[in-house]
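Both backbone and side-chain heavy atoms feed into the values below; hydrogens, waters and symmetry mates do not.
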Amino acid sequence: MHDVIIAGGGTVGLSAAVFLAHHGVRALVVERRPGPQIHPRATGLGMRTAELLREVGLEEAVNEVAVNMTGMTLGKITVDTLAGADLAALAKTVPTRAQTVAKMDYTPARIRGTCPQNRLDAVLLDKARDLGVTVRYGADVVSVEQDGEGVTTQLSDGTALRARYLVAADGARSKVRSELGIGLSGPGVLGPSMNNILFRADLSGLTGEYTFGLCEITNPAAPGMIITIDGKSEWVFHTGLEPTADLIRTAIGDPGLDVEILSVLSWRGRAQVADRLSLGRVFLVGDAAHAVPPTGAFGLNTGVADAHNLAWKLAWVLSGRAAPGLLDTYHDERRPVAVLAMEQSLLRMRDLRLHFDGGPDAPRLRAEAGAVNAPIVHLGYRYGATISELPSTEDVALTLDGSPGSRLPHVWVGDRSTLDLVGSAFCVFAAAPVTGLDVPVHVVDGWPYGTLLVRPDGFVAWRGEEGLAEALRRCTSGA
């Protein structure tokens, strides 16, 4: 009998394994593919994901494999061809990375640039194995049955596995979700099939000292999006056209360019959220729970946050520190966040300015469209509250005000953040000592947010000294 089996060894599945092991639970990961994926997919890591990587000691390791964009980075650019673009002129129209980072005073975490998913997966896999996690490749889930004691999972190789809980991280076409009969809500498949072309070409002569995350090509003979993978010689071209080296040369604008296509993934955008994120002893995370279009980089990041929310709750229930009712809060808290991510991505698909426009008119454009600023989607939401109830849909620092359901405000205490001081456990933050509680109390000089009871995932559970002990009891009782 395993404590937890994770179906799916992609980014979210491996994240779940790392977070569980961080809390003392060693899961078994089963992945249908024969090994780790080598094709990069998502590349943008959000601020909340960076915080979670920091919590488990991976911020430095991820920075080592992330593309260094601390210099002259242009973010997203739109050009006819890359060769025909004046990058120096474009650089004058966008803020420097230092200016952008300076505005992120609501978080202690920093990732120096984009991080292709295959590189992130390698870091997570190494960490998971270091923590004693077993990752079993070439094992596909065939069926799932559960009872009052656990879950039985049949694999394609004839093996039957038994666990107290099953976490389904098996993608948008989740076999586990299908076995459970959980339906989906949302538009579903969006548009025609696209090709994700990983190619090798030396573009240093065109990019020079500049880097970019995304380069939209408007050339009608080769429309698509060039995405930075290593910033030097590896790139992805997203297009709806047939993948050929000549197509890439046309998009770049250099007919004599030496291009090597390394691999091609065909994909179709989807927008759908599972009607339930849990059923009995089974929990859906990542794409199995919600398929979010890529615009905005909300899908992967929401999935990693799913895994983080679930991991501490499973660990507390498995260790007997909390009643099983605590696990019911996973669906209640994470499904509204998934719906928000999907809806905000769809809005951005219709008008890219809602995400990439950093000009003075951007807040007005978002307000008129019903969109919110990206940091709100990543970490400015509140459990138990709607977006309309937030103090701001633009300034994430205003939403992180210590209110119950929000992520704990970040304040430096010496060289450590208040988020670091949480230590993946229940604790209290206050401006003066608080007694009578069997949890750490962090007294912060000048703390303006009141007395806060903070959960192991860094979210505020209660504010105020009155009722604090009862709030702690209820948090772990599942009431």
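- Closest approach of Val12 and Gly303 over heavy atoms only: CG1-O, 3.5 Å.
- Comment: Arg353 engages Asp351 in a salt bridge, judged by a side-chain N to carboxylate O separation of less than 4.0 angstrom.
- Within the 4.5 Å cutoff, the side chain of Leu400 has heavy atoms near those of the Leu379 side chain.
- Counting heavy-atom neighbours within 6.0 Å of Arg26 CZ, excluding the residue itself, gives a total of 12 or less.
- Taking the six-membered ring for Trp and the full ring otherwise, Phe212 and Trp235 have centroids separated by under 6.0 Å.
- Neither side chain, Arg407 nor Tyr381, offers a donor N or O lying under 3.5 Å from an acceptor on the other.
- The environment of Asp438 atom CG is sparse: at most 12 non-hydrogen atoms of other residues, nucleotides or ligands sit within 6.0 angstrom.
- The number of heavy-atom neighbours closer than 6.0 Å to CG of Leu437, taken from other residues, nucleotides and ligands shown, is above 12.
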message = I'd like to know whether Thr302 forms a side-chain hydrogen bond (donor to acceptor under 3.5 Å, both in side chains) with His290, so could you lay out the CA-CA distance, the side-chain angles of the two residues, the decisive distance to 0.1 Å, and finally the verdict.
response = CA-CA 9 Å; Thr302 301; His290 45 76; 5.6 Å; no
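- When the options Leu279, Ile182, Asp287 are evaluated for a side chain to side chain contact (heavy atoms under 4.5 Å, CB included) with Arg177, the one that passes is Ile182.
- In this structure a side-chain-to-backbone donor-acceptor pair under 3.5 Å is missing from Ser345 to Met342.
- Note: Tyr449 and Phe429 fail the aromatic proximity criterion, with ring centroids not under 6.0 Å apart.
- When side chains are defined from C-beta on, Leu452 counts as touching Pro409, because their heavy atoms get closer than 4.5 Å.
- Asp121 places no side-chain N or O within 3.5 Å of a backbone atom of Gly10 that could act as its donor or acceptor partner.
- Of the possible polar contacts, none joining the Gln117 side chain to the Thr11 backbone as a donor-acceptor pair under 3.5 Å is found.
- Side chain of Asn301 to backbone of Gly44: a donor-acceptor contact under 3.5 angstrom is found.
- Looking at Ser174, its side chain never comes within 3.5 Å of a backbone N or O of Asp170 through a donor-acceptor pair.
- Other residues, nucleotides and ligands contribute more than 12 heavy atoms inside 6.0 Å of the CG atom of Asp361.
- When side chains are defined from C-beta on, Pro336 does not count as touching Tyr383, because their heavy atoms never get closer than 4.5 Å.
- At distances below 3.5 Å, not a single donor-acceptor pair connects side-chain atoms of Thr211 with backbone N or O atoms of Gly231.
- Checked against the 6.0 Å centroid criterion, the rings of Trp447 and His442 do not qualify as a close aromatic pair.
- Under the 3.5 Å distance criterion, the side-chain polar atoms of Arg41 are matched with a main-chain donor or acceptor of His39.
- Of the charged side-chain nitrogens involved, none lies within less than 4.0 Å of a carboxylate oxygen, so that Asp357 and Arg364 do not count as a salt-bridged pair.
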request  = Decide yes or no on salt bridge (Lys or Arg N to Asp or Glu O under 4.0 Å) for Arg119 and Glu234, but give the supporting numbers first.
outcome  = CA-CA 13 Å; Arg119 296 187 182 191; Glu234 286 194 2; 5.2 Å; no
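- Defined by atom type and a distance below 3.5 Å, a donor-acceptor pair is missing between the side-chain atoms of His355 and Thr295.
- Residues Glu394 and Arg366 are in side-chain contact: their nearest non-hydrogen atoms beyond the backbone lie under 4.5 Å apart.
- When side chains are defined from C-beta on, Phe459 does not count as touching Ser406, because their heavy atoms never get closer than 4.5 Å.
- Of the N and O atoms on the side chains of His410 and Glu51, not one donor lies less than 3.5 Å from an acceptor on the other residue.
- For the pair Lys76 (side chain) and Leu352 (backbone), a donor-acceptor distance under 3.5 Å is absent.
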